[in-house]
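What follows is a set of notes on a single structure, which appears directly below.
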Amino acid sequence: MSWEVIVAIWVSFRDRIRRVALVIGVAGCAMTGAASSVSAQEIPRYDPEGWCKRVAEMGGGSSEWMKDACLEQEQAAYDKLKPQWKDVPKKARNWCNQVAKSDGRGSYAMLEQCLDMEFFSKQKNENTKFKF
């Protein structure tokens, strides 16, 4: 199998995991009504090692390659979010933190994706009007 095929499979798998985890997180937050406040100055502390171990063990096995790729993705998301965190609106911080830690460990990649979707949706909603 070529590296291009392996990378394509990983990207597809990663995107599916993100979508499933985000849906589960949103549903879990909605059902529990959990409200946790996140500091405006400090990005939340998650357990990327635990999260990536869990991702790597999906399907009953254990993949070092999957764990490594997951950790790289988590690190990239953390590095992107950390300097921007203080500028993220409190409502988005709190909501996306709940979504990102819906499994108990937390995922910076899920946090990043949730915030990206919140900002995109806010911009879209500002320009979307119901038409009669």
Side-chain angles (χ1 to χ4, degrees):
M1 192 178 308
S2 72
W3 283 107
E4 292 85 10
V5 172
I6 292 170
V7 170
I9 291 169
W10 163 247
V11 169
S12 175
F13 179 71
R14 179 198 66 198
D15 291 344
R16 285 185 195 158
I17 289 173
R18 281 181 169 178
R19 283 192 297 268
V20 168
L22 192 59
V23 168
I24 291 169
V26 169
C29 291
M31 288 189 304
T32 63
S36 66
S37 181
V38 178
S39 167
Q41 300 304 317
E42 294 184 29
I43 192 166
R45 297 285 302 223
Y46 297 151
D47 176 15
E49 294 280 342
W51 167 256
C52 291
K53 181 177 187 256
R54 191 171 180 188
V55 168
E57 292 173 349
M58 284 186 171
S62 182
S63 168
E64 290 299 321
W65 174 73
M66 189 74 77
K67 183 177 179 185
D68 181 58
C70 176
L71 284 170
E72 286 179 8
Q73 186 178 3
E74 290 295 308
Q75 188 68 60
Y78 177 84
D79 292 345
K80 176 185 169 191
L81 292 172
K82 187 175 180 183
Q84 303 170 358
W85 188 251
K86 67 182 180 307
D87 299 323
V88 176
K90 184 178 181 179
K91 184 177 175 183
R93 278 194 316 262
N94 289 341
W95 171 252
C96 289
N97 180 52
Q98 289 177 20
V99 171
K101 67 179 190 173
S102 60
D103 81 322
R105 288 183 171 86
S107 166
Y108 293 109
M110 284 178 52
L111 180 64
E112 177 189 22
Q113 186 176 24
C114 178
L115 290 169
D116 287 349
M117 289 189 298
E118 283 294 310
F119 293 134
F120 171 76
S121 295
K122 184 176 184 335
Q123 291 172 346
K124 185 178 178 218
N125 289 344
E126 288 173 352
N127 296 320
T128 303
K129 303 292 181 212
F130 185 82
K131 298 173 187 163
F132 290 96

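Starting from 1, each residue takes its place in the sequence as its number.
Dense packing is recorded around NZ of K67, with more than 12 heavy atoms of other residues, nucleotides or ligands lying under 6.0 Å away. Crowding of E57 atom CD: a count of heavy atoms from other residues, nucleotides or ligands under 6.0 Å exceeding 12.
The two residues D79 and P83 come nearest to each other via the heavy atoms O-CD, 3.1 Å.
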Inset, instruction - Start with the C-alpha gap between Y78 and L111, add the side-chain angles, then the distance that decides, and say whether side-chain contact (heavy atoms from CB on, under 4.5 Å) holds. - result: CA-CA 9 Å; Y78 177 84; L111 180 64; over 6 Å; no

Inset, instruction - Test Q73 against V55 for side-chain contact (heavy atoms from CB on, under 4.5 Å), laying out the working first. - result: CA-CA 12 Å; Q73 186 178 3; V55 168; over 6 Å; no

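For the atom pair NZ (K80) and CG (D116), the distance works out to 4.0 Å, reported to the nearest 0.5 Å. With rounding to the nearest 0.5 angstrom, the CZ atom of R54 is 5.5 Å from the CZ atom of R105. How far CD1 of I43 is from NZ of K82: 8.0 Å, rounded to the nearest 0.5 Å. Here the straight-line distance linking atom CG of N97 with atom CE of M110 works out to 10.5 Å at 0.5 Å rounding. For the atom pair SG of C70 and CD of E49, the computed distance is 9.5 Å after rounding to the nearest 0.5 Å. One finds the CG atom of D47 at 10.0 Å from the CD atom of E74 (value rounded to the nearest 0.5 Å).
Using modelled atom types, one side-chain atom of Y108 and one backbone atom of Y46 make a donor-acceptor pair closer than 3.5 Å. Listed for the D103 side chain is a donor-acceptor partner under 3.5 Å among the backbone atoms of G106.
Here the side chains of P89 and F119 are in contact, with some heavy-atom distance below 4.5 Å. Contact check for V99 versus M117: no side-chain heavy atoms found under the 4.5 Å cut-off.
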